[in-house]
Amino acid sequence: LTGTLPDSWGNLTSLETLDLSLNKIDGSIPSSLFELSTLKDLTLEGNQLTGEIDEKIGELSQLQYLNLQANGLGGKLPSSIGLLHQLDFIYLDDNAFSGSIPLDLEYIMARIEVSISNNYLSGELPSPRENASASLSHDQTDVRIESINLKSNRLRGWIPSGFGEMTTLRRLELSQNFLNGTIIDMGNLTSLEILKLGRNKLTGSIPPIFPSSLKILNLEDNLIASAIPTEIGYLTNIEAISIRNTGVGGTIPTEFGLLSNLETLKMVSVPIAGSLPSEIGKLTNLVELDIVVTIIILEFFCSKNVVELDIVVTQLEGRIPSEYGNLSKLEILALKYSSLTGTIPSTLGQLENLEKLFLVGNQLSGTVPKELGNLKRLERMWIDGNRLNAIPEELCALVESGDLMTFNVDCGMNCNCCNNCI
């Protein structure tokens, strides 16, 4: 559908559902639509609507579901949305709303899902009230908020302590804002599964207590400076942890070996001391490991589910284990800027899913094994900064076919296809 929304639709006085999602409707939302007192579902997602939302939206007294995401709407959010006591779901993501959040979250935070990500909202986060649901004027007094998503805005200030009392909250996303201060106590959020606070300016330490229900913890790109709490090792449901690009330091607790459901661990640009606990190598669900440590035992990996292995180790020595050829799902192998010696194992040619191979900045020697020519999905390969002396024709075939798009090698190597040496 194209064109604008007709003002005459405000005469559909018995209308309960209006869903015109994923069309090419442009223009503004006519204020007459906000006079439909019977409307329960208003979905205009994925169009080309512009302009502001009229304050008359507060007259939709029966509205339960509001989805206006992925348009070009802008201006300030109307404060009258806070009067929609029946509203359970509100999605305003991917627009151009600006200004501060005008709503007293006494009402809006009693809803089930609130998502206003990827806008230009500024100011501080309003503090939710503990008795929010008691203020509702209908029979939904048992409704509690389950999801809050305000990522990718321009919000500032501290995270209000009231967020730590929202016991039914399952998802809290406040990433990519300008929030500062310390991380509030989350121990009472017994239903919380997703916590994303990355890319802010949070300081202080990582709280020692998180709810055992937590599955995703993202604190990356903050100013947090503390040791890693051993208590994180007891989050048995955790699937992903990212604390990269923070000031978190010290050693990695051996308790991380208890995280049997862990799939992703990202700790790049974190000043980790000591070795990577061998217990982590026993995590059979581990898919992605992205880490900088001082010492590592390369042979420790047991999981054949690993997809990405990105390790920078300042004191990494020894040979690349031939057993790495058994990591059949591996897509990225990066063992960079260390002191690895010996030859590149021919068994790496068994990694049929490998897309990126980064062995730059080591002391590897000998001829690159011809078996690497079997890696038909290989797109990028950096092996410069070593002592390798020859590239096989089988690997050159990947370069000449265009499959291997980036191939960094040292100048002076015996190679018939290395036109861009380093």
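All values below come from the heavy atoms of this structure, side chains included, with hydrogens, waters and symmetry mates left out.
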Chemist: Do the side chains of Tyr120 and Arg154 get nearer than 4.5 Å, heavy atoms only?
Modeler: yes

Chemist: Look at the side chain of Ser242 and the backbone N and O of Glu220, then say whether any donor-acceptor pair between them is shorter than 3.5 Å.
Modeler: no

Chemist: Do Leu172 and Met166 come within less than 4.5 Å of each other through their side chains, counting heavy atoms only?
Modeler: no

Chemist: Would you indicate whether Gln48, at its atom CD, is surrounded by more than 12 heavy atoms from other residues, nucleotides or ligands within a distance under 6.0 Å?
Modeler: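 Yes - once you tally the heavy atoms of other residues, nucleotides and ligands closer than 6.0 Å, there are more than 12.
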
Chemist: Sub-3.5 Å donor-acceptor pair from the side chain of Thr43 to the main-chain atoms of Asp19, do we have one?
Modeler: no

Chemist: What I want to find out is whether Lys76 reaches Glu52 closely enough, with some N-O distance under 4.0 Å, to be called a salt bridge.
Modeler: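 Salt bridge absent between Lys76 and Glu52.
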
Chemist: What's the shortest heavy-atom distance between Thr236 and Asn261, and which atoms?
Modeler: O-ND2, 2.8 Å

Chemist: Regarding Asn71 and Asn47, do their side chains bring together a donor and an acceptor under 3.5 Å, going by distance alone?
Modeler: no

Chemist: Measuring from atom OG of Ser226 to atom CD1 of Ile206, what distance do you get when rounded to the nearest 0.5 angstrom?
Modeler: 4.5 Å

Chemist: Which is it for Thr17 and Asp41 under the side chain to side chain donor-acceptor pair (under 3.5 Å) test, yes or no, and what are the steps along the way?
Modeler: CA-CA 5 Å; Thr17 299; Asp41 180 340; 4.8 Å; no

Chemist: Would Glu279 and Thr254 satisfy side chain to side chain donor-acceptor pair (under 3.5 Å), going step by step from the backbone distance to the final call?
Modeler: CA-CA 7 Å; Glu279 288 84 356; Thr254 58; 5.1 Å; no

Chemist: Using side chain to side chain contact (heavy atoms under 4.5 Å, CB included) as the criterion, point out the one residue from Leu192, Leu235, Leu189, Asp185 that pairs with Phe210.
Modeler: Leu235

Chemist: Got Leu66 and Leu60 here, is their nearest side-chain heavy-atom distance under 4.5 Å?
Modeler: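 No, too far: nothing below the 4.5 Å cut-off.
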
Chemist: Which distance, rounded to the nearest 0.5 Å, do you find between the NZ of Lys40 and the CG of Asp88?
Modeler: 11.5 Å

Chemist: Report the distance from atom CD1 of Ile224 to atom OG1 of Thr203, rounding to the nearest 0.5 Å.
Modeler: 8.5 Å

Chemist: When you compare the side chain of Asn67 with that of Phe89, does any pair of heavy atoms fall below 4.5 Å?
Modeler: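 Side-chain contact under 4.5 Å: no.
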
Chemist: Using a 3.5 Å distance criterion without hydrogens, assess whether the side chain of Asn285 forms a donor-acceptor pair with backbone atoms of Glu263.
Modeler: no

Chemist: If you apply the rule side chain to side chain donor-acceptor pair (under 3.5 Å), what do you find for Thr341 with Gln363, and how did you get there?
Modeler: CA-CA 5 Å; Thr341 57; Gln363 299 178 28; over 6 Å; no

Chemist: If you draw a 6.0 Å radius around NZ in Lys201, do more than 12 non-hydrogen atoms from other residues or ligands fall strictly inside?
Modeler: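 Counting neighbours around NZ of Lys201, 12 or fewer heavy atoms of other residues, nucleotides or ligands fall under 6.0 Å, so no.
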
Chemist: Specify the closest pair of heavy atoms between Ser14 and Thr38, including all atoms of both residues, with the distance to one decimal.
Modeler: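 Scanning both residues, the minimum pair turns out to be C-OG1, 3.3 Å.
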
Chemist: Is there a donor-acceptor contact under 3.5 Å from the side chain of Ser191 to the main chain of Thr167?
Modeler: yes

Chemist: Between the main-chain N or O of Asp7 and the side-chain N or O of Ser32, is there a donor-acceptor pair closer than 3.5 Å?
Modeler: yes

Chemist: Any side-chain heavy-atom pair from Leu348 and Tyr324 closer than 4.5 angstrom?
Modeler: yes

Chemist: Let me confirm one number: the CG-CG distance from Leu357 to Leu335, rounded to the nearest 0.5 Å.
Modeler: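 Reported to 0.5 Å precision, the distance equals 8.5 Å.
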
Chemist: Passes side chain to side chain contact (heavy atoms under 4.5 Å, CB included), Val368 versus Val409? Steps please.
Modeler: CA-CA 11 Å; Val368 177; Val409 301; over 6 Å; no

Chemist: Thr246 vs Asn222, test: side chain to side chain donor-acceptor pair (under 3.5 Å). Steps then yes/no.
Modeler: CA-CA 5 Å; Thr246 65; Asn222 275 292; over 6 Å; no

Chemist: Is there a donor-acceptor pair closer than 3.5 Å between any side-chain N or O of Asn177 and the backbone N or O of Leu150?
Modeler: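 Checking the backbone N and O of Leu150 against the side chain of Asn177, a donor-acceptor pair under 3.5 Å is found.
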
Chemist: Quick check: closest heavy atoms across Arg380 and Leu404, and the distance to 0.1 Å?
Modeler: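 Shortest heavy-atom contact: N-CD1, 3.8 Å.
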
Chemist: Taking the side chain as everything from C-beta on, heavy atoms only, tell me whether Lys24 gets closer than 4.5 Å to Asp26.
Modeler: no

Chemist: Can a donor-acceptor pair be found between the side chains of Gln176 and Ser152 at a distance below 3.5 Å?
Modeler: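 Result is yes, a qualifying pair exists.
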
Chemist: Apply side chain to side chain contact (heavy atoms under 4.5 Å, CB included) to residues Ile252 and Met267 and explain how you reach the verdict.
Modeler: CA-CA 10 Å; Ile252 300 176; Met267 301 177 70; 4.0 Å; yes

Chemist: Just to verify, which of Leu125, Leu155, Asn153, Asn149 counts as forming a side chain to side chain contact (heavy atoms under 4.5 Å, CB included) with Leu174?
Modeler: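 When side chain to side chain contact (heavy atoms under 4.5 Å, CB included) is applied between Leu174 and each of Leu125, Leu155, Asn153, Asn149, only Leu125 qualifies.
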
Chemist: Is the side chain of Asp384 donor-acceptor paired with the backbone N or O of Asp410 at a distance under 3.5 Å, no angle test?
Modeler: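 The answer is no, because no donor-acceptor pair under 3.5 Å joins these two groups.
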
Chemist: Output, in order, the C-alpha distance, side-chain angles, deciding distance and verdict of side chain to side chain contact (heavy atoms under 4.5 Å, CB included) for Leu20 and Leu5.
Modeler: CA-CA 10 Å; Leu20 299 172; Leu5 293 172; 3.5 Å; yes

Chemist: Within the 4.5 Å heavy-atom criterion, are Leu388 and Ile344 side-chain neighbours or not?
Modeler: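 Side-chain contact under 4.5 Å: yes.
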
Chemist: So does Ser338 get a backbone contact from the side chain of Asn362, meaning a donor-acceptor N/O pair under 3.5 Å?
Modeler: yes

Chemist: How close do Lys376 and Gly373 get, counting heavy atoms only, and between which atoms?
Modeler: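 Taking Lys376 first and Gly373 second, the nearest heavy atoms are NZ-O, 3.4 Å.
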
Chemist: Taking the six-membered ring of Phe178 as reference, does the NZ or CZ atom of Arg156 fall below 6.0 Å from its centre and within a 45° cone about the axis?
Modeler: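 Yes, a cation-pi geometry.
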
Chemist: Looking at Gly72 and Asn95, what are the two nearest heavy atoms and their distance?
Modeler: N-OD1, 3.4 Å

Chemist: Mind checking the CG-CG spacing from Leu375 to Leu395? Nearest 0.5 Å is all I need.
Modeler: 8.0 Å

Chemist: Is it true that a side-chain atom of Asn188 and a backbone atom of Glu165 form a donor plus acceptor pair closer than 3.5 Å?
Modeler: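 Side chain of Asn188 to backbone of Glu165: no pair is present.
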
Chemist: Looking only at heavy atoms, what is the nearest atom pair of Ile241 and Leu259, with distance?
Modeler: CD1-CD1, 3.9 Å

Chemist: Counting only heavy atoms not in Ile209, do more than 12 sit closer than 6.0 Å to its CD1 atom?
Modeler: no

Chemist: Does a side-chain heavy-atom distance below 4.5 Å link Phe34 with Ile29?
Modeler: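 With C-beta onward as the side chain, the pair touches.
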
Chemist: Is a side-chain donor-acceptor pair under 3.5 Å present for Asn118 with Asp94?
Modeler: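 Yes - a donor-acceptor pair under 3.5 Å links their side chains.
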
Chemist: For Leu77 and Leu92, run side chain to side chain contact (heavy atoms under 4.5 Å, CB included): C-alpha distance rounded to whole Å, both residues' side-chain angles, the deciding distance at 0.1 Å, then the answer.
Modeler: CA-CA 10 Å; Leu77 294 175; Leu92 303 177; 3.7 Å; yes

Chemist: Which distance, rounded to the nearest 0.5 Å, do you find between the CD of Glu355 and the CG of Leu330?
Modeler: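 The CG atom of Leu330 is 10.0 Å from CD of Glu355, to the nearest 0.5 Å.
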
